[in-house]
Amino acid sequence: MGAPDILNATPPDPQVGRHVYRQHAHEWLIANLPNHMRANQLDYRTPTLTECRDWELAMYRAGLAGMTWPQVYGGHGLSLREHLAVNKEIGALLMPESVSSIGKELVGPIIMAIGTENQKQKFLPAILRMENYWCQGFSEPDAGSDLARLRTRAVQDGAHWRIDGQKIWTSGAAKANYCLLLTRTGTVADAHRGMLMFAVPMNTPGIRVVPIRSIDNKESFAEVFFDNVIVPDSARLGEPDQGWNTAVRVLSIERATNRMYRPWRFESELRHLVQACQSDRVLSAHLKESYFQRRVGEVLGQIDNLKGLVERTVDTMMAGQEIGTKGSLTKLYWSECHQAFASFALEMTSRVNPSSSPHARRARQAFTAAYLFSRAETIYAGTTEVQLDVIAQRILKLPKELS
Ligand SMILES: Cc1cc2nc3c(=O)[nH]c(=O)nc-3n(C[C@H](O)[C@H](O)[C@H](O)COP(=O)(O)OP(=O)(O)OC[C@H]3O[C@@H](n4cnc5c(N)ncnc54)[C@H](O)[C@@H]3O)c2cc1C
C-alpha cells in the first residue's frame, strides 16, 4: 500500500467539532483504505501483520486512533464523542480488525488510570505508534469465568518479583511484546484479595508461548507458560492487593467500550451480504422470499438496538458516570446478535456454488470465516451465561435462588 503518502496525513484541529471530524474520518478512510483490505472486494486478501501495522499507524497519524488519550502521551485529547464519530466511519468500511486493540483499548486506559508517570511515558505513545503489541494474560486452565481461582504466583524477592504459572487462550501472545499479566501474591483461598497486575516483557527468560489452533484454522491465541520469570518491581502495575479491582476495570472496559464500531460494522456486513446475494440470480430469488426478508428485518432491528446501547454508553460516560456492570448488557447483546447474524449469513451463502457470481463466492468465504469466529464471541470477554448472571444479580438485583 502507499504507506509513505498517507503517513504524512494531518488530523483536523480538534476545535472544529465532531461533525467535521467525522467528515474528515469518512473522506480519509475512503481515500486511503486499500481495496485488498476491504472484505467485500473481489481482490481482498488477508493482510499481513506488517500491512495491518502500517495501516493503523497511518490512521493514528491522520487523527483516527488515540482520540481520547491526552496529547502529552501521544493522543489527540478529544472526547468519547469524537471517538464514537470516528468509530462509526471505521465500522462503515469492512477493514481489518485492529491488530493492537488489546493495547489501544484495554491496556492504554488501565495504564492511564493506575500506571506511574514513568509507565505512562514508556508505554502509551509506543502503543499508538504501533511499536508494541500487548496480550492479556488473565485466563488459566482452572480460572476462566471464575478468575478469582487463578494460581499464577508472583513472589517478591527484594527489588524483583518471581512469576510461575500458566495462562491460556491468550490472544495475540505470539506477536506480543508485553503481557498485561494478572497474578496471585497470596493463596487461592484469598480469592479476590492478594492479586497483582504486571506489565511483563514477553522476551523475559522463562516465558514459553505454545500456539493453539482454533476452529477457523488460525493460531490467534496460545498457552503461555511462566517458569521462574524474574521482573523488576517497576513492571508492577498498581499496588499489591489492587490486582482484582484493576482486572474488574479491564473487564468492564472490554465489555462496554472496546470496539465501539461493532453495530456499524455489522450493518456493513449485512449490506455486503445483501449486495452479494443481489449479484447472483439464484440468491437474489431467495432474498425475495418472506422468510429471508423477515430475517434481514430482524437483524436490522437488532443492529439499531445495539447502536442505541453504544450511544447510551457514550452519553453515560460523558456525563461522568461509571458504566460498571452495565457493560454486560452490551457484551451480551452484541455477541448474541452477531452470532445469530453470522448463522443467517452462512445459511444464505451455503447456497453458493462454483457457478455463482464472483461476489457471491467472495461472500461465502467471508461469511464462513465470520461464522466460525462468531462461535467464540459468546465466550471471550465473559460468556453469555456469566453476563446473564451479572445482569440478574447486579443490575436487576434478583435474589440468587431466582436468578
Ligand atoms: C477467541 C477467544 C479469545 C480469548 N482471548 C483471551 C485473552 O486474550 N486473554 C485471556 O485472559 N482470556 C482470553 N480468552 C478466554 C476467555 O476469557 C474464557 O474462555 C472465558 O472467560 C470462559 O472461561 P473458560 O473458557 O475457562 O470457561 P469456563 O469458565 O470453564 O466455563 C465453561 C462453561 O460454564 C459456564 N459457566 C461458568 N460459570 C458459570 C456461572 N457462574 N453460571 C452459569 N454458567 C457458568 C460458562 O458460561 C461456559 O459455558 C479468550 C477466549 C476466546 C474464545
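Computed from a prediction, not measured in an experiment: that's the story for all the values here. Read the numbers this way: they start at 1 and go in the same order the structure lists the ligands and their atoms. Along the sequence shown, residues carry numbers from 1. Values below: every heavy atom of this structure, side chains too, minus hydrogens, waters and symmetry copies.
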Heavy-atom neighbours of R262 CZ exceed 12 at 6.0 Å
yes

Among all protein heavy atoms, pick the one closest to atom 9 (N) of ligand 1 and tell me residue, atom and distance.
Q136 O, 2.7 Å

Looking at F138, which atoms of ligand 1 are within less than 4.0 Å of one of its heavy atoms?
11 (O)

So for atom CZ, which belongs to R351, do other residues, nucleotides or ligands contribute more than 12 heavy atoms lying within a distance under 6.0 Å?
yes

Which protein heavy atom lies closest to atom 49 (O) of ligand 1, and at what distance to 0.1 Å?
E385 OE1, 3.6 Å

Between K331 and E254, is the closest basic N to carboxylate O distance under 4.0 Å?
no

Give the atom numbers and elements of ligand 1 that come within less than 4.0 Å of a heavy atom of Y380.
1 (C), 2 (C), 3 (C), 4 (C), 50 (C), 51 (C), 52 (C)

Answer with side chain, backbone, both or neither: which part of D389 has a heavy atom less than 4.0 angstrom from an atom of ligand 1?
side chain

Check each atom of ligand 1 against the heavy atoms of A376 and keep those under 4.0 Å away; list them by number with element.
1 (C), 53 (C)

S101 and R259: side chain donor to acceptor below 3.5 Å:
yes

If you measure only the distance, is there a donor-acceptor pair under 3.5 Å linking the side chains of N353 and S355?
yes

Going by atom types only, do E82 and H76 share a side-chain donor-acceptor pair under 3.5 Å?
no

Take the angle between the ring planes of F123 and W134 and call it parallel below 30°, perpendicular above 60°, tilted in between.
perpendicular

Measure the distance from atom 37 (C) of ligand 1 to every protein heavy atom, then report the residue, atom name and distance (to 0.1 Å) of the closest one.
S145 OG, 3.5 Å

Hey, which atoms in ligand 1 end up nearer than 4.0 Å to a heavy atom of F221?
1 (C), 2 (C), 3 (C), 52 (C)

So is there a nitrogen or oxygen of E140 less than 3.5 Å from a nitrogen or oxygen in ligand 1?
no

Could you identify the single nearest non-hydrogen protein atom to atom 7 (C) of ligand 1 and state the distance to 0.1 Å?
W169 O, 3.1 Å

Closest protein heavy atom (residue, atom, distance) for atom 24 (P) of ligand 1
G144 CA, 3.9 Å

Between R312 and D315, is there a side-chain N and carboxylate O pair less than 4.0 Å apart?
no

Nearest non-hydrogen protein atom, atom 3 (C) of ligand 1
S171 OG, 3.3 Å

Between D164 and R162, does any side-chain N to carboxylate O distance fall below 4.0 Å?
yes

Under-4.0 Å protein heavy-atom contact, atom 30 (O) of ligand 1:
no

Got the closest protein heavy atom to atom 39 (C) of ligand 1, with its distance?
V386 CG2, 4.3 Å

Could you find the nearest protein heavy atom to atom 15 (C) of ligand 1 and give me its residue, atom name and distance?
S139 OG, 3.2 Å

Should you measure from each heavy atom of I379, which atoms of ligand 1 turn up under 4.0 Å away?
19 (O), 20 (C), 53 (C)

Which word best sums up how the rings of F341 and H338 line up, parallel for under 30°, tilted for 30 to 60°, or perpendicular for over 60°?
tilted

Parallel, tilted or perpendicular: rings of W55 and W28 (30°, 60°):
parallel

Atoms of ligand 1 close to T383 [distance to a heavy atom under 4.0 angstrom, numbered from 1]:
22 (C), 46 (C), 47 (O)

Given the protein's heavy atoms, is any one of them under 4.0 Å from atom 33 (C) of ligand 1?
no

